[in-house]
Amino acid sequence: MRIATGLVLATVAALVAPTAMAQKTVTIIREIDTDRYDPHKSTARSNAEVMYMIGDTLVGLDFDMKTLKPNLAKSWTVSPDGLVYTFKLRDDVTFCSGKKMTAKDVVATYERWMDPATKGLVKWRMGALDKVTAVDDFTVEYKLKKPFSELLYQMTQYFHTIINIDQVKQLGADYGVKGFDGTGPYCLQSWTPRDQTVLSKHEGYKWGPPIYASQSAQVDRVIWKVVPEENTRVTALQSGQADASQYVPYWSLKDLMANKQLSVSRAQNYFWTYFIGFKIDRELMRDEKVRRAINLAVDQRAITEAVTFGFATPADTMLMPSVLDFNSRVDRKIYGVNVPEAEKLLDEAGWKKGADGFRYKDGKKLAPVIYGIAGFFKEIAEAVQGDLRKVGIDLQIQLFDATIAWGKLATQEFDAFGMSFPYVSAGDALNLYFRSANTPTPNRMNWKDKETDELLDKGSQALDEKTRSEAYARVQAKVHDAAVWIPLYHEPLHLVAGPKLKPMKAHGNYGCALYKGLDIALK
């Protein structure tokens with residue numbers, strides 16, 4: 001381990017050569033790499049965190065994760081029927097190649113995303129898009145087939161990054177692999193997969209969102225370095241051989257916070273929740289009393305303390321309470337440990353303890369199978385398994401490598417599954433996980449409910465905040481009371497800045513703490 005750590009630290013140190021220092025170079029270390037730099041073809045956070053720096057969206061998002069801010073669009077209006085959004089673009093924006101950005105680039109971006117040949121991902125984030133039109137060089141009309149109340153929030157997500165279609169045509173299948181020409185504060189200089197991505201300052205950039213003190217990049221070069229080993233990342237930050245990272249293990253946070261040479265920022269709002277979901281049409285999970293009992297047997301606080309060293313927030317709700325359109329009236333008592341009540345519910349459901357201490361009904365053992373991704377979920381699953389054995393449930397754990405886990409999680413072979421997910425609003429999370437049409441994935445619970453679908457339609461097509469919020473509140477109450485999940489904990493996001501950097505403010509958007517990277521600055 002010592003040799004591997006030394007080799008990686010030597011590599012990191014070699015990047016900060018005298019010439020690089022003269023160029024104001026900053027090295028950021030991360031855990032894994034992306035598969036490509038293409039906003040329409042990758043949902044990886046490792047794609048997003050660079051994409052926000054090398055590209056721009058029409059709309060920006062403040063640190064509170066609720067307040068919309070101008071970015072490429074300096075203003076916008078919405079028609080009374082909620083179908084037409086008119087964006088007034090800045091007239092001083094250029095791509096890194098020097099090409100001037102106009103309304104035609106915005107139109108081309110969305111046409112490319114919509115084109116079936118692109119095989120673009122998460123198209124629902126566009127809403128039911130009819131067409132995008134360039135009214136003039138700096139005015140865009142975005143027309144929907146039906147209202148989408150989430151649209152502006154979705155437009156803050158990196159999937160909506162405006163691209164240079166000329167480069168797309170030039171590179172073909174290599175677009176996002178051999179190059180990306182964006183309008184962001186930094187330009188993609190080079191990418192060596194599984195090793196490093198080098199960005200250079202976009203000269204002349206001055207159109208960053210107004211949430212930053214500077215709307216221009218303050219350093220010449222940013223190097224994203226892949227360092228898979230936890231210990232190596234921590235050591236690199238402590239020794240000053242790396243300048244920043246959000247990929248720090250929980251066990252290291254107290255020491256990093258105590259180090260006066262470093263600064264640690266926690267995102268004001270960050271919506272990323274860990275949970276266990278039940279496949280509610282499976283025989284063992286069909287009874288709501290059983291699902292409630294399982295919830296009351298699990299000690300979220302103990303799990304959070306063990307797994308995150310107390311830095312995360314134990315969850316007694318399915319969504320983070322500070323998220324947009326959260327329903328604060330849900331009954332939180334159905335989540336959180338209460339073993340006597342769990343035992344009572346299981347007895348009422350007809351599951352009686354046998355001589356071996358486990359519960360049986362009609363000769364069948366209460367031994368649900370849970371699927372999860374090997375690695376982070378192992379410790380969580382084993383803790384839940386221990387809690388459930390105390391009330392007579394024999395949880396069977398099956399973990400898979402990430403390369404095959406997603407395929408396994410799309411099947412109907414399991415009773416429960418472990419997951420974590422990011423969201424920007426209550427509507428974002430609910431529309432993704434609880435629409436009937438989204439079975440078997442990402443609606444892995446097989447929650448199929450006509451009223452839920454109608455309420456989701458009402459919320460997503462609402463023309464005012466009150467209607468949207470009330471519709472989403474009713475969905476939250478419905479799925480919350482049905483105990484279709486075990487909410488485990490709401491994860492925090494910390495950003496560590498090294499000795500040569502000024503303190504930075506962590507952002508929560510899509511889990512990309514550096515967001516636009518406009519407060520990366522040397523002391």
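Relative to the six-membered ring of Trp272, Arg45 meets both conditions, a distance below 6.0 Å and an angle of at most 45° to the axis.
A side chain to side chain contact (heavy atoms under 4.5 Å, CB included) with Leu430 holds for exactly one of Asp325, Leu456, Leu455; it is Leu456. Of the options Phe278, Tyr274, Tyr433, a ring-ring contact (aromatic ring centres under 6.0 Å, His included) to Trp485 is made by Tyr433 and by none of the others. Only one option out of Arg444, Glu413, Lys279, Lys408 pairs with Tyr371 in a side-chain hydrogen bond (donor to acceptor under 3.5 Å, both in side chains); it is Glu413.
Between Glu288 and Ile280 there is no side-chain heavy-atom pair separated by less than 4.5 Å. Using a 4.5 Å heavy-atom threshold, the side chains of Arg389 and Gln385 count as touching. Between Lys225 and Ile28, the closest side-chain pair of non-hydrogen atoms is not below 4.5 Å. Side-chain contact check for Leu388 versus Val298: some heavy-atom pair is nearer than 4.5 Å. Between Arg435 and Asn443 the shortest side-chain heavy-atom distance does not fall below 4.5 Å.
By the side-chain hydrogen bond (donor to acceptor under 3.5 Å, both in side chains) test, Thr118 is found to be paired with no residue, residues two or more places apart in sequence or in another chain being considered. The side chain to side chain contact (heavy atoms under 4.5 Å, CB included) check on Lys478 picks up Trp447, Asp449, Glu451, Thr452, with sequence neighbours excluded. With sequence neighbours excluded, no residue satisfies side-chain hydrogen bond (donor to acceptor under 3.5 Å, both in side chains) with Asp481.
Among pairs with a residue in residues 350-369, none fulfils ring pair (Phe, Tyr, Trp, His ring centres under 6.0 Å), at least two apart in sequence or across chains. Listed by first and then second residue, the ring pair (Phe, Tyr, Trp, His ring centres under 6.0 Å) pairs involving residues 309-347 are Phe311-His494, Tyr335-His480 (not counting sequence neighbours).
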Name the atoms and distances for all side-chain donor-acceptor pairs under 3.5 Å in residues 377-384, with sequence neighbours left out.
from	atom 1	to	atom 2	distance (Å)
Lys378	NZ	Glu382	OE2	2.7

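Atom CZ of Arg301 has 12 or fewer heavy atoms from other residues, nucleotides or ligands within 6.0 Å.
Of the charged side-chain nitrogens involved, none lies within less than 4.0 Å of a carboxylate oxygen, so that Lys41 and Asp35 do not count as a salt-bridged pair. A salt bridge links Glu343 with Lys353: the closest approach of a Lys/Arg side-chain nitrogen to an acidic carboxylate oxygen falls below 4.0 angstrom. For the pair Asp33 and Arg194, the salt-bridge criterion is not met [side-chain N within less than 4.0 Å of a carboxylate O]. Between Lys333 and Asp316 no salt bridge is recorded (no basic side-chain N to carboxylate O distance below 4.0 Å). Residues Arg112 and Asp115 are not paired through a salt bridge, judged by the lack of any N-O separation under 4.0 Å between the basic side chain and the carboxylate.
Nearest heavy-atom pair across Gln154 and Asp428 is NE2-OD1, 3.3 Å. Closest heavy-atom contact between Asn509 and Gln157: OD1-NE2, 2.7 Å. Across all non-hydrogen atoms, the minimal contact from Ala506 to Leu493 is CB-O, 4.4 Å.
Between Cys512 atom SG and Leu495 atom CG the span is 11.5 Å, to the nearest 0.5 Å.
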